[in-house]
Visitor: 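Dumping the structure here so I can ask a few things about it.
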Amino acid sequence: MKAKNEPCPYSRQLFSTSLLNSQENSEDIEGLVENIIHNAQIEVQRQNERSSKRGHDSLLDDTVSEPDSNKKHRVNCLIDGINQFQRSLVETTEEEIVHSHETERNENTAGSVDSDNHKNETSIQDDYRVTFQDIDCLPKLKNETFENKALLHKKLVSNDSSVQTNDSLVYLGSKFCHYLVSFKLNELHPSLDAELLDCAVQEVLHFNNVHIWALRSNFRELLESKFPAKQFRPKVMAECFMAYVAALKIETGSDYNLLTLLTQWILKLASEKIYKLRVENLVDRSAKDSLHKLMGPMRYTTAFNGSKFISKCLNNKGEVLGHGSGYNKTDSELRSAMHALSSAACQKK
């Protein structure tokens, strides 16, 4: 008959599994446990045999003699020690598992906090990122303070020296557009030298053209909402538009998709002037010097007709050798000199 205190196969398996999960040398501990359990089982079997001879039903019977009770006590202590050792290992393993889970939770919590911080930083960045609803509409700046700064033209602000105007943004916007248009024109006209390429870019980005782009993109409505009682001259509106472009570029940052949309938007506005540009009509900055060397001193008369400057090139006899027009007086006179150089009179000379 099986003794009550004999370890069952399930307890033995659980004991061995707990030991194997411990931090000690698994082979040494398993061998030790095998020996302890084996000796305990032998001792239990001996006690059972002795008890059966005396007519006892169990080693745990209370009527056993004193010597048998002492032996039973030793066996029970041995088995209790094994069980206690087993429980301590299981508890240790559970503590390690709980500690491991707590550590993992802490790491996940820290990771979630970092993720939330990253999301917050991203959301903060997104709050100050330009938005493109439609490529044909004026892109919207999310930072209203930055938007107001881009529109503070010196001609629109009262005589207050403490107010920071948009001069630096006008410069940055002009340079950014100059960069984009330069590459596009070089792609279309790779034979242009640096001087003519610069002339072509200035032709495309003249303030009259930029003023038209501002009107097309409803930029005037934005200016009127900020300065309802002001009148906007074409050059003032064009410079405010360039400052707004600079603000768009700054808020776009290094976002490739937004930068692509901004580039497409600017080139779409400038596409008509870019593709209709006649290279042969570009201003030759050395035309007046060349004409002077060929024909002698020249005299120029210039008038403004409301949209362009009209110039005439005359020799010392008062004869008109060439005509020219441009968005400014210098270009107008240079074009008249270019016309004079290509005229029949100049060729005969």
Side-chain angles (χ1 to χ4, degrees), residues 135-136 169-217 219 234-246 248-249 259-294 298 300 302 304-313 321-343 346:
I135 197 68
D136 294 324
L169 290 177
V170 172
Y171 173 80
L172 292 173
S174 301
K175 290 300 180 182
F176 178 63
C177 291
H178 193 286
Y179 162 79
L180 296 179
V181 174
S182 297
F183 273 89
K184 190 62 180 180
L185 286 174
N186 184 70
E187 177 185 334
L188 298 174
H189 307 285
S191 61
L192 288 179
D193 58 21
E195 184 177 351
L196 287 180
L197 180 61
D198 184 66
C199 293
V201 174
Q202 292 183 24
E203 183 79 14
V204 173
L205 295 179
H206 191 272
F207 75 85
N208 280 338
N209 296 333
V210 178
H211 175 246
I212 294 174
W213 304 343
L215 294 176
R216 183 182 302 172
S217 59
F219 184 72
K235 188 172 183 179
V236 172
M237 185 180 295
E239 290 181 348
C240 287
F241 187 81
M242 283 300 184
Y244 193 84
V245 168
L248 291 173
K249 173 61 181 71
L259 183 59
T260 300
L261 290 174
L262 179 59
T263 301
Q264 291 174 351
W265 177 67
I266 293 173
L267 292 180
K268 185 171 184 178
L269 290 174
S271 60
E272 182 179 358
K273 292 297 180 180
I274 289 175
Y275 287 100
K276 289 186 177 181
L277 180 70
R278 298 179 62 181
V279 177
E280 60 273 15
N281 290 338
L282 293 175
V283 178
D284 181 5
R285 300 294 170 183
S286 62
K288 294 174 73 172
D289 293 336
S290 300
L291 183 62
H292 178 78
K293 292 178 181 179
L294 184 64
M298 292 287 149
Y300 299 89
T302 305
F304 183 69
N305 65 359
S307 60
K308 287 186 177 182
F309 290 88
I310 308 297
S311 296
K312 296 179 182 180
C313 176
L321 301 181
H323 301 268
S325 63
Y327 291 116
N328 55 65
K329 181 180 178 181
T330 301
D331 286 354
S332 178
E333 293 179 353
L334 286 172
R335 290 184 184 278
S336 66
M338 291 171 61
H339 182 242
L341 284 170
S342 62
S343 67
C346 186

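Keep in mind the model is a prediction, meaning the values are calculated, not measured.
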Visitor: Among residues at least two apart in sequence or on other chains, which ones pass side-chain contact (heavy atoms from CB on, under 4.5 Å) with K175?
Guide: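 Testing K175 for side-chain contact (heavy atoms from CB on, under 4.5 Å), a comparison that skips the adjacent residues, returns Y171.
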Visitor: Under the rule for side-chain contact (heavy atoms from CB on, under 4.5 Å), what residues qualify as partners of Y300, not counting sequence neighbours?
Guide: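 Counting only residues at least two positions away or on another chain, Y300 forms a side-chain contact (heavy atoms from CB on, under 4.5 Å) with K288, L291, M298, C313, E333, S336, A337.
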Visitor: Return the set of residues passing side chain to side chain donor-acceptor pair (under 3.5 Å) with S286 (not counting sequence neighbours), or none when no residue passes.
Guide: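 Scan of S286 (side chain to side chain donor-acceptor pair (under 3.5 Å), adjacent residues dropped) gives D284.
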Visitor: Is there a side chain to side chain contact (heavy atoms under 4.5 Å, CB included) between F176 and L262? Walk through the geometry before answering.
Guide: CA-CA 11 Å; F176 178 63; L262 179 59; 3.9 Å; yes
Visitor: Start with the C-alpha distance between V210 and M237, add both sets of side-chain angles, then the distance that settles side chain to side chain contact (heavy atoms under 4.5 Å, CB included), and finish with yes or no.
Guide: CA-CA 8 Å; V210 178; M237 185 180 295; over 6 Å; no
Visitor: Would you please name every residue forming a side-chain contact (heavy atoms from CB on, under 4.5 Å) with K312, sequence neighbours left out?
Guide: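 So K312 forms a side-chain contact (heavy atoms from CB on, under 4.5 Å) with T301, L314, V320, H323.
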Visitor: With sequence neighbours excluded, tell me which residues meet side chain to side chain donor-acceptor pair (under 3.5 Å) with D193.
Guide: none
Visitor: CG of L192 to CG of L277: how many Å apart, nearest 0.5 Å?
Guide: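 Nearest 0.5 Å value for the CG-CG distance: 8.0 Å.
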Visitor: Could you list the donor-acceptor pairs under 3.5 angstrom formed between side-chain atoms of residues 177-184 and any protein atom two or more places apart in sequence or on another chain?
Guide:
residue	atom	partner	partner atom	Å
H178	ND1	S182	OG	3.2
H178	NE2	D198	OD1	3.2
S182	OG	H178	O	2.5
K184	NZ	Y275	OH	3.4

Visitor: Calculate, to the nearest 0.5 Å, the distance between atoms OG and CE belonging to S290 and M338 respectively.
Guide: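 Reported to 0.5 Å precision, the distance equals 10.5 Å.
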Visitor: Excluding sequence neighbours, so at least two apart, what forms salt bridge (charged side-chain N to carboxylate O under 4.0 Å, His left out) with K273?
Guide: none
Visitor: For F241, what residues pass the ring pair (Phe, Tyr, Trp, His ring centres under 6.0 Å) criterion, not counting sequence neighbours?
Guide: F219, W265
Visitor: Got a sec, which residues hit side chain to side chain donor-acceptor pair (under 3.5 Å) with N328, two or more places apart in sequence or on another chain?
Guide: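 Listed in chain order: D331.
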Visitor: Rounded to the nearest 0.5 Å, what separation is found between the CG atom of L205 and the CG atom of N209?
Guide: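 Rounded to the nearest 0.5 Å, the CG-CG separation comes out at 8.0 Å.
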Visitor: Listed by chain and number, what are the salt bridge (charged side-chain N to carboxylate O under 4.0 Å, His left out) partners of K293, not counting sequence neighbours?
Guide: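 Not a single residue meets the salt bridge (charged side-chain N to carboxylate O under 4.0 Å, His left out) criterion with K293.
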Visitor: Which value, rounded to the nearest 0.5 Å, describes the distance between N208 atom CG and K308 atom NZ?
Guide: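 Here the rounded value is 8.5 Å.
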Visitor: Is any side-chain heavy atom of L172 closer than 4.5 Å to one of M242?
Guide: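 No - every pair of side-chain heavy atoms lies 4.5 Å or more apart.
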Visitor: Suppose we screen for ring pair (Phe, Tyr, Trp, His ring centres under 6.0 Å). Which residues come up paired with H206, at least two apart in sequence or across chains?
Guide: Y327
Visitor: Name all residues meeting the side chain to side chain donor-acceptor pair (under 3.5 Å) criterion together with S311; count only those two or more places apart in sequence or in a different chain, and write none if there are none.
Guide: T302, S332
Visitor: Minimum heavy-atom separation for N305 to S307, with atom names?
Guide: OD1-N, 3.1 Å
Visitor: Atom CD of E203 and atom CG of L185: how far apart are they, to the nearest 0.5 Å?
Guide: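 Those atoms lie 10.5 Å apart.
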Visitor: Once rounded to the nearest 0.5 Å, what's the spacing between atom CG of N186 and atom OG of S191?
Guide: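 It comes to 9.5 Å.
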Visitor: Which heavy atom of A238 sits nearest a heavy atom of H211, and at what distance?
Guide: CB-N, 4.0 Å
